[in-house]
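Working notes for the structure below.
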Protein chains: 2
Amino acid sequence: MISNKSEIFPAEQQLAAAYAKALSHPARIAILRYLAETKVCITGDITDAIPLGRTTVLQHLQVLKDSELIRGDIDGKRVCYCINSERYNEMKQLFDELFENINPINNCC
Amino acid sequence: MISNKSEIFPAEQQLAAAYAKALSHPARIAILRYLAETKVCITGDITDAIPLGRTTVLQHLQVLKDSELIRGDIDGKRVCYCINSERYNEMKQLFDELFENINPINNCC
DNA sequence: TTTTCGTGTCGTATGTTTACGACATATAGA
DNA sequence: TCTATATGTCGTAAACATACGACACGAAAA
């Protein structure tokens with residue numbers, strides 16, 4: 001079956017949906033908050049801060065990296081994760097615009 | 001296997017993730033925009049406005065209804081979908097708070 | 001050199017999402 | 001009543017997400 005018609009939608013809607021998807025699991029929101037709090041770019045010990053297995057956390061980190069909301073730079077033996085503020089701000093703006101365009105009026109039936 | 005540990009996260013993060021999930025497909029963003037534009041609470045002819053099969057659109061509408069971002073009231077033969085502005089504004093505020101709490105500083109490695 | 005630590009990759013089980021055809025129902029009009 | 005229209009439900013195939021154990025690798029410490 002086809003199972004992916006996402007490409008037929010406007011690029012802006014695809015982007016917004018992709019960012020929303022990145023935020024669509026509480027673990028990933030928790031990771032972002034953790035990264036924002038411990039401003040020092042802490043390594044994969046994020047695992048200790050998130051109540052999930054190491055592999056699962058790595059997987060969530062990968063989803064965030066794919067969305068480019070975070071970066072993971074190698075620093076010798078350790079890996080240094082941090083929020084990619086450029087993309088993060090791009091996302092904020094996209095959502096702001098979206099929320100402005102969708103201005104609901106309760107005029108149902 | 002377990003496959004759902006979402007409940008172990010703070011309620012606020014679960015809610016934000018749930019709303020993000022509702023927005024995580026371009027078709028659903030397109031539906032919200034369509035409902036916001038045609039301020040009249042248009043029926044399931046949303047199908048004509050979205051390039052997907054009728055069943056698929058219904059499914060997306062169901063996801064949005066489950067998230068309570070939209071309502072679907074029966075009006076005789078037709079069904080009248082519209083944005084639930086209460087929930088919609090709740091979501092906006094939740095995201096605003098989230099974005100405030102996660103304030104990135106580029107201090108990676 | 002051997003061990004340990006921090007990482008990453010692979011495989012895999014289970015569950016969810018996406019997409020749609022086929023069928024069911026209910027209301028309004030011919 | 002019969003038919004068309006609007007809608008909803010069911011089943012199902014394919015793809016994707018979630019969660020994790022087991023294994024691999026490389027750098028630094030013992």
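Labels below follow one simple rule: chain letters A, B, ... track the order of the sequence lines, proteins then strands, and each chain is numbered from 1.
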note: A:L61, atom CG; D:dA19, atom C1'; distance rounded to Å ~ 14 Å
Counting only side-chain nitrogens and oxygens, does B:K21 get under 4.0 Å of the OP1 or OP2 atom of C:dT17? yes
Does the plane of the ring in A:F99 sit parallel, tilted or perpendicular to the ring in B:Y88? Use 30° and 60° as the thresholds. perpendicular
Judged by nearest nucleotide, the residue sitting upstream toward the 5' end of DNA chain C, A:Q62 or A:S6, is A:Q62
Between A:T55 and A:H25, the residue closer to the 5' end of DNA chain D by nearest nucleotide is A:H25
Closest of C:dG8, C:dA19, D:dT18 to the B:Q59 side chain is C:dA19
In whole angstroms, the gap separating P of C:dC5 from CG of A:D48 amounts to 13 Å
In whole angstroms, the gap separating C1' of C:dC20 from CG of A:N4 amounts to 15 Å
- Can you find a donor-acceptor pair, distance only, under 3.5 Å between A:R54 side chain and C:dG6 base? no
Short side-chain N/O contact to C:dT17 OP1/OP2 from B:H60, under 4.0 Å
no
TODO: Could you walk me through whether B:R33 and A:E12 pass salt bridge (charged side-chain N to carboxylate O under 4.0 Å, His left out), step by step?
DONE: CA-CA 12 Å; B:R33 291 196 75 146; A:E12 171 236 346; 2.9 Å; yes
From CD1 of B:I8 across to P of D:dA19 the rounded distance in Å is 8 Å
Is there a side-chain contact between B:T56 and the phosphate of C:dC20, meaning an N or O under 4.0 Å from OP1 or OP2? yes
OP1, OP2 of D:dG8 versus side-chain N and O of B:Y81: anything below 4.0 Å? yes
Taken to the nearest whole Å, CG/B:D73 to C1'/D:dA6 is 16 Å
Worksheet item: Can you say whether the rings of B:F95 and A:F95 are parallel (under 30°), tilted (30 to 60°) or perpendicular (over 60°)?
Response: parallel
